[in-house]
Amino acid sequence: MQQPFQPYQQPSMYTMQPAPKKRPCLGSGCGCCLGLGLLVLCPLIAVVACIGIVLRGNPDPLYSDYRADPTAAAEYDVLFDNAIAQARSDGQFNVGIEDRDFESWLNVEYRNNLAENNEGNTEDLPDWVKDMKFQTKFDDNEVTLFGTTEFSGITFNMLVVSEVSINTDPVTHLTRPLNVEVSKFQVGSLNMPESFRTEMADSIADGLSEELTQVNQRYELTSLSIEDGMMRFSGHVVR
């Protein structure tokens, strides 16, 4: 039986730096940005599709539907705006993210960045790029990401399971508050090798940490929990 997750109680110190509200591209595979490094899925699926190995063993979707609610996506940004304002006023901050709200943000952000990086014209993009959809799940101290698209009438699915914790490394914690370890990275029937899992973990960690580094003050993360569809952060500003 899996042991219940115990939040870290020994904080590490970070430096919050101002960051532009719009997320930058994390790669150039298909001229789009996924916010959490899922851009790596685009060229990866293209390669796998050419190989043709994914015809068997696609991972199953997390849910029966896909959410791309612009209101829920906007609320994701508001959560961090409110946390920043709270930290500036009383030094404390708390953030709670629902997995399906994050899913809406991911799908909306993906399509917005497709348009922005192609100057509003996405007609010339391949359908498998335009039609890509994502699902997310937060539970058991894990972040699970699912992606799907079609290439030449064949469905290709991707599944990434990662464990997220507070980064206590004295060298990297200043720029990356969260540590991510990808325990599973599957595209179709292919289990990606360690080098791909490491690259994906770095992209996810950078994307999550970006949202936690928007205040020009030092702060400490005091707890992190990922359970029952919620990811919760808490901490305080060091004055």
Side-chain angles (χ1 to χ4, degrees), residues 22-74 76-77 97-138 143-162 180 182 184-192 196-197 199-204 206-208 210:
K22 201 64 186 176
R23 284 87 179 161
C25 280
L26 298 176
S28 58
C30 63
C32 57
C33 171
L34 297 185
L36 288 184
L38 286 179
L39 180 60
V40 77
L41 174 62
C42 299
L44 184 60
I45 285 185
V47 171
V48 174
C50 293
I51 297 175
I53 299 178
V54 298
L55 297 177
R56 307 181 308 274
N58 262 333
D60 294 328
L62 304 178
Y63 315 100
S64 61
D65 63 335
Y66 297 84
R67 295 188 180 178
D69 179 1
T71 300
Y76 173 78
D77 280 332
I97 307 168
E98 293 188 18
D99 50 13
R100 304 225 68 187
D101 285 348
F102 181 79
E103 178 180 318
S104 284
W105 174 84
L106 189 57
N107 282 294
V108 171
E109 187 75 358
Y110 177 79
R111 283 157 181 76
N112 287 344
N113 278 277
L114 279 185
E116 289 178 8
N117 285 278
N118 290 275
E119 298 181 349
N121 181 18
T122 60
E123 294 181 359
D124 295 333
L125 291 175
D127 288 341
W128 66 268
V129 174
K130 294 187 291 185
D131 296 340
M132 202 172 297
K133 297 180 291 187
F134 304 96
Q135 295 176 337
T136 60
K137 182 178 180 181
F138 299 158
V143 174
T144 302
L145 306 174
F146 174 86
T148 187
T149 190
E150 288 190 3
F151 184 86
S152 298
I154 302 172
T155 299
F156 297 94
N157 294 347
M158 176 206 72
L159 184 69
V160 178
V161 180
S162 56
V180 175
V182 172
K184 183 174 184 178
F185 185 3
Q186 181 181 353
V187 179
S189 62
L190 290 179
N191 291 313
M192 296 294 100
F196 282 88
R197 296 198 304 270
E199 182 178 353
M200 178 62 81
D202 289 343
S203 295
I204 293 173
D206 287 340
L208 286 173
E210 181 184 346

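Hydrogens, waters and symmetry mates are skipped; everything else that's a heavy atom, side chains included, is used. When a residue number appears, it is its place in the shown sequence, counting from 1.
- A side-chain donor-acceptor contact under 3.5 Å links R111 to the backbone of M132.
- Within the model, atoms CD of E150 and CG of D127 stand 9.5 Å from one another, a figure rounded to the nearest 0.5 Å.
- Atom OG of residue S189 and atom CG of residue N157 lie 11.5 Å apart, to the nearest 0.5 angstrom.
- Judged purely by atom type and a 3.5 angstrom limit, E103 has no side-chain atom pairing as donor or acceptor with the backbone of W105.
- A donor-acceptor pair is defined here as one N or O able to donate and one able to accept, closer than 3.5 Å; such a pair exists between the side chain of T136 and the backbone of D99.
- Partners of P61 under the side-chain contact (heavy atoms from CB on, under 4.5 Å) rule, at least two apart in sequence or in another chain, are Y66, Q135, F146.
- Counting heavy atoms from C-beta on, the side chains of Y76 and D101 never come closer than 4.5 Å.
- Residues D131 and T148 are not in side-chain contact: their nearest non-hydrogen atoms beyond the backbone lie 4.5 Å or more apart.
- Residues V187 and F156 form no side-chain contact, since every pair of their non-hydrogen atoms from C-beta on lies 4.5 Å or further apart.
- In this structure, the side chains of Y63 and R100 come closer than 4.5 Å at one or more pairs of heavy atoms.
- A salt bridge does not link D202 with R197: every distance from a Lys NZ or Arg NE/NH1/NH2 to an Asp or Glu carboxylate oxygen is 4.0 Å or more.
- A distance-only check finds no donor-acceptor pair linking the side chain of S162 to the backbone of V182 [under 3.5 Å].
- Qualifying side chain to side chain donor-acceptor pair (under 3.5 Å) partners for D60, counting only residues two or more places apart in sequence or in other chains: none.
- Under the rule for a side-chain contact (heavy atoms from CB on, under 4.5 Å), the partners of V161 that lie at least two apart in sequence or sit in another chain are E142, T144, L159, S183, K184.
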